[in-house]
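See below for the structure under consideration.
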2 protein chains.
Amino acid sequence: MTIKEVCRKFDVSADTLRYYERVGVIPEVHRTAGGIRDYSAEDLNWVATAICFRSAGMPIELLIEYVKLFREGDETFGARRDLLIEAKERILAERKKYDDALEKLEYKISKYDEAVRTGVLKWDEEGSCK
Amino acid sequence: MTIKEVCRKFDVSADTLRYYERVGVIPEVHRTAGGIRDYSAEDLNWVATAICFRSAGMPIELLIEYVKLFREGDETFGARRDLLIEAKERILAERKKYDDALEKLEYKISKYDEAVRTGVLKWDEEGSCK
DNA sequence: ATACACCTTAGAGTCAACTCCAAGTCAATG
DNA sequence: CATTGACTTGGAGTTGACTCTAAGGTGTAT
């Protein structure tokens, strides 16, 4: 699979894919005799994983560390598991912030719905919201 | 309330608070006669809102737009509501990505737990994960 | 009244994560 | 076999969101 096809498949730029490979967010991608990237199923899987974790706010550094451990072989199973558990904790903590913001938004939207209907914006407590 | 106290209260740097005010993420903060910031309850409320939305990944530009509408007065109730609804949609979409990543992580962690116990890492489908 | 900690501004610097560019190579088509 | 379009690399540039620095003002405790 060419880089262009991978771009379309994952809606990501070729520059980003090359960047990920260059810095080690994914391992080296398979090449043709001429040196052109030809993504295998396994390469695609790495790309999918990288994009999935990046979309959830995981820093590139963490992904690089994971790939580094992967390259070191089977002795790093434990370290890789620990890293994934840390990633999970981080994402759970981040998601909580999203839930907090959503709660605040629900409240504000309900007050603005009222304001649009009545022409008056009124919060439950003094100075509690804007 | 001094800037230092606000920093402690929200665990944010004074530079960030001044930056938020400068670019318009929050309206101008009340000052003492000498020109020193003295955050009112309302100012604190704006700070809390800004930090909450920023923690949920909302770009500064959106917050600036909201404050701009707020400053324009009561004719912008509708526009402010629409902007909040857009923010909600964005955050819901982002949260979905977090959930996807968590699902992937759960799966991988379970496989690594097994790998640590058995010494063998095995995915359900060929090349499905790394 | 003089330290001293803390505040002010404008503007420059930093960092993560891309994104773009120049110069050149590869591969399918007329 | 020449054109065309996509690919390659190394390195420079951009963007969003801070973060720091320099030069100076404020306010309170001795």
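All heavy atoms count here, side chains included; hydrogens, waters and symmetry mates do not. Letters A, B, ... mirror the listed sequences (proteins, then strands); counts begin at 1.
Taking the six-membered ring for Trp and thresholds of 30 and 60 degrees, A/Tyr112 and A/Trp123 have ring planes more than 60 degrees apart, a perpendicular arrangement.
Residues B/Glu5 and B/Arg8 are not paired through a salt bridge, judged by the lack of any N-O separation under 4.0 Å between the basic side chain and the carboxylate.
Here D/dT8 presents its C1' atom at 12 Å from OH of A/Tyr39, a figure rounded to the nearest Å. Summarising the geometry, the separation between CZ on A/Arg54 and P on C/dA16 is reported as 12 Å, rounded to the nearest angstrom. A/Tyr19 places its OH atom 18 Å from the P atom of D/dG13, with the value rounded to the nearest Å. Between the OH atom of B/Tyr20 and the C1' atom of D/dT19 there is a distance of 12 Å, given to the nearest Å. The distance between atom CD1 of B/Ile51 and atom P of D/dA17, rounded to the nearest whole Å, is 15 Å. For the pair A/Leu17 CG and C/dC20 C1', the interatomic distance rounds to 16 Å; values are reported in whole Å.
Centroid-to-centroid, the aromatic rings of B/Trp46 and B/Phe70 come within less than 6.0 Å.
Scanning for salt bridge (Lys or Arg N to Asp or Glu O under 4.0 Å) contacts around A/Glu86 gives A/Arg90, with sequence neighbours left out.
Applying the 4.0 Å criterion to OP1 and OP2 of C/dT19, one finds that A/Thr16 has a side-chain N or O inside that range. A/Thr32 has no side-chain polar atom (N or O) that falls below the 4.0 Å cut-off from OP1 or OP2 of C/dC26.
Grouping the Ile, Leu, Val, Met, Phe, Trp and Tyr side chains by contacts below 4.5 angstrom, directly or via other members, places B/Ile109 with A/Leu69.
Once rounded to the nearest 0.5 Å, the distance linking CD of A/Glu106 with CD1 of B/Ile85 reads 9.5 Å.
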Nucleic acid footprint by protein, nucleotides 7-14 of chain C - heavy-atom cut-off 4.0 Å, B for base, S for sugar-phosphate alone: SBB-----

